[in-house]
**Student:** 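A single structure is presented below for examination.
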Amino acid sequence: MTVVRSELKSLTREKAKWMYEKMCEIRRFEDKVHDIFSKGVLPGFVHLYAGEEAVAVGICAHLNGKDYITSTHRGHGHCIAKGCDLDGMMAEIYGKATGLCKGKGGSMHIADVEKGMLGANGIVGGGFPLAVGAALTAKIKKSGAVAVCFFGDGANNHGTFHEGINLAAIWNLPVIFVAENNGFAEATPFTYASSCTNISDRAAAYNIPGVAVDGKDAIAVFEAAEHAIERARNGRGPTLIECKTFRNYGHFEGDAQTYKSSQEKEKHLNDLDAISRFKEHILSMRLLSERELNDIEEKVEAAVENAVEFAEKSPYPDEKELLTDVYVTYQ
Amino acid sequence: MTVVRSELKSLTREKAKWMYEKMCEIRRFEDKVHDIFSKGVLPGFVHLYAGEEAVAVGICAHLNGKDYITSTHRGHGHCIAKGCDLDGMMAEIYGKATGLCKGKGGSMHIADVEKGMLGANGIVGGGFPLAVGAALTAKIKKSGAVAVCFFGDGANNHGTFHEGINLAAIWNLPVIFVAENNGFAEATPFTYASSCTNISDRAAAYNIPGVAVDGKDAIAVFEAAEHAIERARNGRGPTLIECKTFRNYGHFEGDAQTYKSSQEKEKHLNDLDAISRFKEHILSMRLLSERELNDIEEKVEAAVENAVEFAEKSPYPDEKELLTDVYVTYQ
Amino acid sequence: MTRKLSFSQAVNEAMKLAMQRDENVILMGEDVAGGAAVDHLQDDEAWGGVMGVTKGLVQQFGRERVIDTPIAEAGYIGASVTAAATGLRPIAELMFNDFIGSCLDEVMNQAAKLRYMFGGKAKVPLTIRTMHGAGFRAAAQHSQSLYALFTHIPGLKVVVPSTPADAKGLLLSAVFDDDPVIFFEDKTLYNVKGEVEDGFYSIPIGKADVKRKGTDLTIVAIGKQVHTALKAAEMLTKKGIEAEVIDPRSLSPLDEETILTSVAKTNRLIVIDEATPRCSAATDISALVADKGFDNLDAPIKMITGPHCPVPFSPVLEDLYLPTPEKVLQAVAEIIGDETIVAV
Amino acid sequence: MTRKLSFSQAVNEAMKLAMQRDENVILMGEDVAGGAAVDHLQDDEAWGGVMGVTKGLVQQFGRERVIDTPIAEAGYIGASVTAAATGLRPIAELMFNDFIGSCLDEVMNQAAKLRYMFGGKAKVPLTIRTMHGAGFRAAAQHSQSLYALFTHIPGLKVVVPSTPADAKGLLLSAVFDDDPVIFFEDKTLYNVKGEVEDGFYSIPIGKADVKRKGTDLTIVAIGKQVHTALKAAEMLTKKGIEAEVIDPRSLSPLDEETILTSVAKTNRLIVIDEATPRCSAATDISALVADKGFDNLDAPIKMITGPHCPVPFSPVLEDLYLPTPEKVLQAVAEIIGDETIVAV
Ligand SMILES: Cc1ncc(C[n+]2csc(CCOP(=O)(O)OP(=O)(O)O)c2C)c(N)n1
Ligand SMILES: Cc1ncc(C[n+]2csc(CCOP(=O)(O)OP(=O)(O)O)c2C)c(N)n1
Ligand SMILES: [Mg+2]
Ligand SMILES: [Mg+2]
């Protein structure tokens, strides 16, 4: 179990509440999508974030509405942690007109630019340069915003990792690169595909701080993020945070996961579960009561049910939508 | 001056002779191209290698005919060190039919695949994956060959640096990555564009050895290469060698080099000159005599004059060559 | 002897035969084996590609020849170029053709140009297999059909098969071709079955196949759209219109002669290409005929293509995106001047 | 008031005006300033781009807005996409269009598609300036004209100006356009001079310019080839043939109307495009007319393009590569059926 870090003043009651709620939302949302998908209702590819909640939530707990994030193909968790609307997300996954992207993007492209969520991304490694660009705007416009780039262990071998981090480093930009090392890229182990021992070790190649944390410990992530984001906001440049984590489901829905051992799966679904650990933690810190947590759980449950209902009742996009939004003025 | 490394047994009389000859060939060849270019005779872009001779020669001194190299836009030196024919090279730069590539490639694409010279490359960073591919063949075919990837400080920020080195590392391939850090990419300083202090520091990100050497000291390069190449041949994987060097001319012909200070230029053209230093060195080691070195210089002088004459007298390619060599069978 | 195989099985069989025939043939790509270096994993449980197309190959040929790669397309596709130039005959898988964005340089500036730039002193016997096509609800970054980009680039050969039998024979040609070939596989065709000859056979690259004979109209269709064309042709028969359906099978080289000969007979041309319309294979074939076949043309050349927009996610929109037999009939109605055709 | 400016000066002036008008306009690229962080370097000695096109801008706008980048095209072009989406209006320079190989993903899958994938909730006011064209003895990897690739991709606008005045007005439109625009500059045009209006003006993207009026034949020519067309037209006048020369100026969107109207009058079309021939802008324009202008056509549509091969280095071969007025005359002779034209 996680050691109580009493010095963590920034983990206020409100923060803890928010974090618990968001973690539950992600878990519930993903479990639900998993169920619906297995019934054959949902179109396309879906990559679920369940199991990795502590990362998105521990990081985004420090962000405000002006801050930016870039995400991945496994983007639902980042969206929720950045405050995207559950109804709009679920509708998007259904391909409905009421979706956050009017149904045109789908699971792999959910975005809410107004909220600083610059999009899930179907291209592995696509987010690095995009995070740099948002941070460049922040720096030039002196907005005080930071940009967080979430990426997987697989993405850490793509050329954009190198180009993006180097750019952020030489321009001293407020970017936090957050590796979600869940051990696998599809069916390929991190240990096979990456020559580094830890992704965070690669930070040295750019003269920026690199830290590795237990990514299933929301408080550890929260703490690491706090330092990094403060640093970035104070104009001291980028940080690379590696969060060691695990995805509860397969790479995408339908993956038998033969490449994972059953002990590993077992352990992560039970003892190491991020939400139970966070719960225990805040209970033992007496930040929130059992009762309060239950209330949150119920609220979340209802919100997700609601989102599904909303999505199912929503209409599909109008035919004319095929040709809108290609250009600001379609030609 | 360089300290005499008496333990360097592999630097035999023959080797030293070869090295001195190749360094002189490169210098003479490039100075000549510079002269001809300034008369407006030569077409296109030309990037001269003069000043960096110790790198190509110190490395290639350990290669045999089966080994591979990949090169850059600044490729003449690599070609010469890998044994390409001076006549064919010069004719290529002139765009003549007798050129190594029948005049179709030009300075930026000189190649001699038979000799393991896999091409100069107009694309910065283009060489990393190409070196990996050649090494993969060597490994699969168990040919015992190694592949050397020459690249500039500018290329070290390109995504292919990261992808190429990571691949070589995880597959444990016989590749030697040789950074020619001449301090500038065009007019942009290494210190601005790269977040690392030394390029060799980046080796740690791939769990491979990284060494930095004085790239204007042929013997230092020779020594570092010896270890790395032996290692690669013995199946122990890639090494990154950074050679700190300096180009005597501008980025390309016509560059006023306002970004370099005059002291820097002065120092490099005189005290730090790689050829004079190597000469002094082998004289002081009594490996070769003044007389022998003079003979080499004369021979080289004649060979380069000859190459120019050969190129000038050679015919341009036949019109039909426009459409040959696109495919093995042109369709 | 022939058996019914799915498109995916046919592609798999071609790779198996190629690897059996020549030990220089290797296969590399993301998860083409799957589970590299996972101790407890039995090779028969390994993924064999994200769609299972390479399933079983690692079992038969081992991880020395069926090589999983990191997500580093520039790196491993680039490596495959020189692996080819130095003596191997690699099949490199680019999982989705959309990922060419990560490795265009290696394909366009290296693979395609090495031979020419080196004055003919190199050859690059490389096959890049890649998935394309809309209709899978895979959205804008996983649904493109980008063969036009590759066809534009001299030095590459571009193959887009429409049936299992063609896929097998063309892939075997591609692997043993001494030039770089980009081999497109429509992800929505993988489960489509067809008769496939067993054993080793190859179909020459650059030879179109007349998938249906006809006299009144030529339809040239690319990849999966060959099936749209055949459906439209069936519908047109009821109206007494006999469409000839040509499957070019390779876009580069393009079998101009078969197309021009057909148009000389039918005097009308429709091209079906699900890719986006501008600077596309559709315009390419159309322009060919507007020049060399002009004197035989009795009607405007119609192109049925995807619209000038990214592929939308929502099923209702994606269905509108793709060509359909109905859209073909609409075009036929226009060039035949008989509106009743649309109602077929 | 107009003055004679070179193409390069006109482009420079447009950037200056844009940066003066809107502080959100920034410029980034390799050596666009030059000598970043070199202490002793005076800003007026800085390169200002590899061809000097951005010279002086860093002096006027400082290194906060004129930003040198490492050789990391995916990195900085990708960054420019979101810099645009989050409130800046970047001009990103891709030194040679051939380097798109290093950053196609950022252009094709991000810049071009963000708006659509996000359901219209993003805009990407980004201009990518890039050099193209053969004739500079720069060989296969620095001489391509790749506008067809970009035109194929929905979501991008593609501009290819042929004169200094157009370049200035179109670049100003591009920078203040809310969609991503790829702006092509032919490196062999940089020193070509022309009259250019001073002050701020813009030319709408999507509007072709009739560079010469004529009645007998329409020539659509792209970029530098407009000048080839004009030369050919002068030569044809002597034979009593009046060619109309249309410069589309932008390929995406394409001003179909101006082209179709011209062909309706002249009944003949030739397209000149120095890029490689397959799936090209030439085939695109040809296919347009073979469909929508078919009824007005009296002759095959001819395309004068580069051949299906990489650009060779040797000057003698490169000269053969490019379109020439003589090749145009040859095509005119064919479609007019008068062989004596060739001898003009
Ligand atoms: C450029 C690119 N290459 C390949 C893919 C196919 N792909 C999608 S997800 C994935 C694995 C990503 O692994 P990782 O980065 O570890 O993220 P995770 O799925 O574990 O969250 C791959 C290979 C892609 N989408 N984009
Ligand atoms: C992908 C790519 N980007 C940009 C260029 C333009 N360019 C040619 S050489 C060069 C500088 C290369 O610097 P470096 O790698 O240090 O090699 P050096 O010239 O110093 O030998 C640049 C930017 C290119 N050729 N390819
Ligand atoms: Mg992962
Ligand atoms: Mg350099």
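Just so you know, these numbers come straight off a predicted model, no measurement behind them. In what follows, chains are A, B, ... by sequence order, proteins preceding strands, each numbered from 1.
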**Student:** Can you tell me which portion of D/A148 sits under 4.5 Å from chain C's heavy atoms? Options are side chain, backbone, both or neither.
**Tutor:** both
**Student:** Of all residues at least two apart in sequence or in a different chain, which pass the side-chain contact (heavy atoms from CB on, under 4.5 Å) check with C/A84?
**Tutor:** C/P90, C/V124, C/P125, C/L126
**Student:** Among D/L254, D/I301, D/I285, D/I100, which residue forms the greatest number of heavy-atom pairs with chain C at distances under 4.5 Å?
**Tutor:**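 The answer is D/I301.
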**Student:** Among C/L251, C/L288, C/V271, which residue forms the greatest number of heavy-atom pairs with chain D at distances under 4.5 Å?
**Tutor:** C/L251
**Student:** So, taking the atom named CG in C/L146 and the one named CE in D/M108, what distance separates them when rounded to the nearest 0.5 Å?
**Tutor:** 5.0 Å
**Student:** What part of C/L297 gets within 4.5 angstrom of chain D, counting heavy atoms only: side chain, backbone, both, or neither?
**Tutor:**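 Answer is both: backbone and side chain atoms of C/L297 are under 4.5 Å from chain D.
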**Student:** If you compare all heavy atoms of D/A290 against all heavy atoms of C/A290, which two are closest, and at what distance to 0.1 Å?
**Tutor:** CB-CB, 3.5 Å
**Student:** Hey, which of D/P300, D/A287, D/G155 has the most heavy atom pairs under 4.5 Å with chain C?
**Tutor:** D/P300
**Student:** Side chain, backbone, both or neither: which part of D/P312 has a heavy atom under 4.5 Å from chain C?
**Tutor:** both
**Student:** Tell me, for D/V311 versus chain C, whether the close heavy atoms (under 4.5 Å) come from the side chain, the backbone, both or neither.
**Tutor:**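 Answer is backbone: N, CA, C or O of D/V311 sit under 4.5 Å from chain C.
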**Student:** With 3.5 angstrom as the limit, list the donor-acceptor pairs from chain D to chain C, or say none if there aren't any.
**Tutor:**
{"residue": "D/D98", "atom": "O", "partner": "C/N109", "partner atom": "ND2", "Å": "3.0"}
{"residue": "D/G101", "atom": "O", "partner": "C/D105", "partner atom": "N", "Å": "3.1"}
{"residue": "D/D105", "atom": "N", "partner": "C/G101", "partner atom": "O", "Å": "3.1"}
{"residue": "D/N109", "atom": "O", "partner": "C/Q141", "partner atom": "NE2", "Å": "2.8"}
{"residue": "D/N109", "atom": "OD1", "partner": "C/Q144", "partner atom": "NE2", "Å": "3.0"}
{"residue": "D/N109", "atom": "ND2", "partner": "C/D98", "partner atom": "O", "Å": "3.1"}
{"residue": "D/K113", "atom": "NZ", "partner": "C/Q144", "partner atom": "OE1", "Å": "2.9"}
{"residue": "D/Q141", "atom": "NE2", "partner": "C/N109", "partner atom": "O", "Å": "2.9"}
{"residue": "D/Q144", "atom": "OE1", "partner": "C/K113", "partner atom": "NZ", "Å": "3.0"}
{"residue": "D/Q144", "atom": "NE2", "partner": "C/N109", "partner atom": "OD1", "Å": "3.0"}
{"residue": "D/H152", "atom": "O", "partner": "C/T276", "partner atom": "OG1", "Å": "2.8"}
{"residue": "D/H152", "atom": "ND1", "partner": "C/T276", "partner atom": "OG1", "Å": "3.4"}
{"residue": "D/H152", "atom": "ND1", "partner": "C/R278", "partner atom": "O", "Å": "2.8"}
{"residue": "D/H152", "atom": "NE2", "partner": "C/T276", "partner atom": "OG1", "Å": "3.4"}
{"residue": "D/L251", "atom": "O", "partner": "C/R278", "partner atom": "NH1", "Å": "2.9"}
{"residue": "D/L251", "atom": "O", "partner": "C/R278", "partner atom": "NH2", "Å": "2.9"}
{"residue": "D/T276", "atom": "OG1", "partner": "C/H152", "partner atom": "O", "Å": "2.8"}
{"residue": "D/T276", "atom": "OG1", "partner": "C/H152", "partner atom": "ND1", "Å": "3.4"}
{"residue": "D/T276", "atom": "OG1", "partner": "C/H152", "partner atom": "NE2", "Å": "3.4"}
{"residue": "D/R278", "atom": "O", "partner": "C/H152", "partner atom": "ND1", "Å": "2.7"}
{"residue": "D/R278", "atom": "NE", "partner": "C/D284", "partner atom": "OD1", "Å": "3.1"}
{"residue": "D/R278", "atom": "NE", "partner": "C/D284", "partner atom": "OD2", "Å": "3.2"}
{"residue": "D/R278", "atom": "NH1", "partner": "C/L251", "partner atom": "O", "Å": "2.9"}
{"residue": "D/R278", "atom": "NH2", "partner": "C/L251", "partner atom": "O", "Å": "2.9"}
{"residue": "D/R278", "atom": "NH2", "partner": "C/D284", "partner atom": "OD2", "Å": "2.7"}
{"residue": "D/C279", "atom": "N", "partner": "C/D284", "partner atom": "OD1", "Å": "2.8"}
{"residue": "D/T283", "atom": "OG1", "partner": "C/T283", "partner atom": "OG1", "Å": "3.0"}
{"residue": "D/D284", "atom": "OD1", "partner": "C/R278", "partner atom": "NE", "Å": "3.1"}
{"residue": "D/D284", "atom": "OD1", "partner": "C/C279", "partner atom": "N", "Å": "2.8"}
{"residue": "D/D284", "atom": "OD2", "partner": "C/R278", "partner atom": "NE", "Å": "3.2"}
{"residue": "D/D284", "atom": "OD2", "partner": "C/R278", "partner atom": "NH2", "Å": "2.7"}
{"residue": "D/A290", "atom": "O", "partner": "C/I301", "partner atom": "N", "Å": "3.0"}
{"residue": "D/D291", "atom": "OD1", "partner": "C/K302", "partner atom": "NZ", "Å": "2.7"}
{"residue": "D/I301", "atom": "N", "partner": "C/A290", "partner atom": "O", "Å": "3.0"}
{"residue": "D/K302", "atom": "NZ", "partner": "C/D291", "partner atom": "OD1", "Å": "2.7"}

**Student:** Where does C/L269 contact chain D at under 4.5 Å (heavy atoms): side chain, backbone, both or neither?
**Tutor:** neither
**Student:** Using non-hydrogen atoms and a 4.5 Å limit, figure out which bit of C/A74 sits close to chain D: side chain, backbone, both or neither.
**Tutor:** neither
**Student:** For the CD1 atom of C/I153 and the SG atom of D/C279, what is their distance to the nearest 0.5 Å?
**Tutor:** 10.5 Å
